[in-house]
Amino acid sequence: RFLCYLHKPFSEEDAKEYILKIKKEHPNARHHCYAFIIGEHNEIQRSNDDGEPGGTAGVPMLECLTNRNMQDTLAVTVRYFGGIKLGAGGLIRAYAGSVAQAVREIGLVEIKEQVVLGITLSYSQYQEFANFLKDHQLTEQDPMFTDQVATTIFVDKEDTRSITAALVEFYNGKVLIEDQGIREVEVPLLSVEN
């Protein structure tokens, strides 16, 4: 049995703590192999076969992460030995496959810098806001309802001017829009290759 866990580490120490946590959760497993990539430029890359033949576990796991351009990601695969020897090729396929399957199950996100636009609307304007969002494939965040509606949308930097202009046109110039700075946002990627 191969069980793969994925974690987003913020440092090498964080990655090592998570590996220890998984080892404590699975003390009877034969192997706890891992691979991780950390850093803005992927400067920290480590892998470990944890007793499997050299290069049959950690390295294929690391290659699986790098082939998908993953960043700040740790994969830990726990193996419970069932008595069947898989050979080097079988181990490579099993460990890389466990990571690939876990990534497919969870999905990938891209970290993007987006501009946060605060929008203030009357209740009658807000009734039409869903149409604007749908037309521009946007979602709102944290609407607050008082005497007016204050809501937020995240817009890709390069789209800020066109979305702002579209909002002004949509509401005939009667809308309050405030640039509230930049945030990093996780944007789901639609498909994950094998």
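Position 1 is the first residue of the sequence, and the numbers go up from there. Quantities reported herein were computed from a predicted structural model and do not represent experimental measurements.
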Nearest atoms (heavy-atom pairs only) where [X] meets [Y]:
{"X": "Val103", "Y": "Arg68", "result": "CG1-CD, 4.0 Å"}
{"X": "Arg46", "Y": "Leu62", "result": "O-CD1, 4.2 Å"}
{"X": "Cys64", "Y": "Ala100", "result": "SG-N, 3.6 Å"}
{"X": "Ala75", "Y": "Met61", "result": "O-CE, 3.4 Å"}
{"X": "Gly55", "Y": "Ile92", "result": "O-CG1, 4.1 Å"}
{"X": "Phe154", "Y": "Gln114", "result": "CB-OE1, 3.0 Å"}

Given the rule in the side-chain contact (heavy atoms from CB on, under 4.5 Å) test, do Glu140 and Thr152 qualify, once you have shown the distances and angles that lead to the verdict?
CA-CA 6 Å; Glu140 70 176 318; Thr152 306; over 6 Å; no
Tell me whether Arg1 forms a cation-pi arrangement with Tyr80, defined as NZ or CZ under 6.0 Å from the six-membered ring centre and within 45 degrees of its axis.
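That pair qualifies as a cation-pi contact.
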Minimum side-chain heavy-atom gap [X]-[Y] below 4.5 Å:
{"X": "Ser47", "Y": "Tyr34", "result": "no"}
{"X": "Val115", "Y": "Asp179", "result": "yes"}
{"X": "Thr77", "Y": "His32", "result": "no"}
{"X": "Leu6", "Y": "Ile106", "result": "yes"}
{"X": "Phe36", "Y": "Ile44", "result": "yes"}
{"X": "Lys21", "Y": "Glu25", "result": "yes"}
{"X": "Val175", "Y": "Leu121", "result": "yes"}
{"X": "Leu176", "Y": "Ile119", "result": "no"}

Take Tyr18 and Val76 through the side-chain contact (heavy atoms from CB on, under 4.5 Å) test and state the conclusion after the steps.
CA-CA 9 Å; Tyr18 189 80; Val76 181; 4.3 Å; yes
Donor-acceptor pair, [X] side chain versus [Y] backbone, under 3.5 Å?
{"X": "Thr73", "Y": "Met70", "result": "no"}
{"X": "Asp159", "Y": "Val155", "result": "no"}
{"X": "Gln125", "Y": "Ser122", "result": "yes"}
{"X": "Gln71", "Y": "Gly39", "result": "yes"}
{"X": "Asp49", "Y": "Gly51", "result": "no"}
{"X": "Thr56", "Y": "Pro53", "result": "yes"}

Phe129/Phe170 aromatic ring centres below 6.0 Å:
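Not under 6.0 Å, so no.
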Tell me if the aromatic rings of Tyr5 and His26 count as close, with their centers under 6.0 Å from one another.
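Yes, they do, as the ring centres are separated by less than 6.0 Å.
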Is it possible for you to say whether Val168 and Tyr171 belong to one hydrophobic cluster, with membership spreading through side-chain heavy-atom contacts below 4.5 Å?
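In one cluster with Val168: Tyr171, yes.
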Shared ILVMFWY cluster between Tyr123 and Leu167, side chains joined below 4.5 angstrom?
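In one cluster: yes.
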Look up atom [atom1] in [X] and atom [atom2] in [Y], then write down how far apart they are to the nearest 0.5 Å.
{"X": "Gln148", "Y": "Thr120", "atom1": "CD", "atom2": "OG1", "value": "6.0 Å"}
{"X": "Arg183", "Y": "Ile111", "atom1": "CZ", "atom2": "CD1", "value": "14.0 Å"}
{"X": "Asn42", "Y": "Thr66", "atom1": "CG", "atom2": "OG1", "value": "9.0 Å"}
{"X": "Leu91", "Y": "Leu86", "atom1": "CG", "atom2": "CG", "value": "5.0 Å"}

Kindly determine whether Leu138 and Ile163 satisfy side-chain contact (heavy atoms from CB on, under 4.5 Å), including the steps that lead there.
CA-CA 10 Å; Leu138 297 168; Ile163 293 295; 4.0 Å; yes
Check this for me, if you would: do [X] and [Y] make a salt bridge, where the nitrogen-to-carboxylate-oxygen distance has to be below 4.0 angstrom?
{"X": "Arg79", "Y": "Glu52", "answer": "yes"}
{"X": "Lys16", "Y": "Glu12", "answer": "yes"}
{"X": "Glu184", "Y": "Lys112", "answer": "no"}

Once the angle between the rings of Tyr126 and Phe145 is folded into 0 to 90°, is it parallel (under 30°), tilted (30 to 60°) or perpendicular (over 60°)?
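Tyr126 and Phe145: perpendicular rings.
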Mind running side-chain contact (heavy atoms from CB on, under 4.5 Å) on Ile19 and Leu74 for me, showing each step along the way?
CA-CA 9 Å; Ile19 294 163; Leu74 162 67; 4.1 Å; yes
Surrounding CD of Glu169 (heavy atoms of other residues, nucleotides or ligands, distance under 6.0 Å), is the total greater than 12?
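Atom CD in Glu169 is not packed in, count stays at 12 or less.
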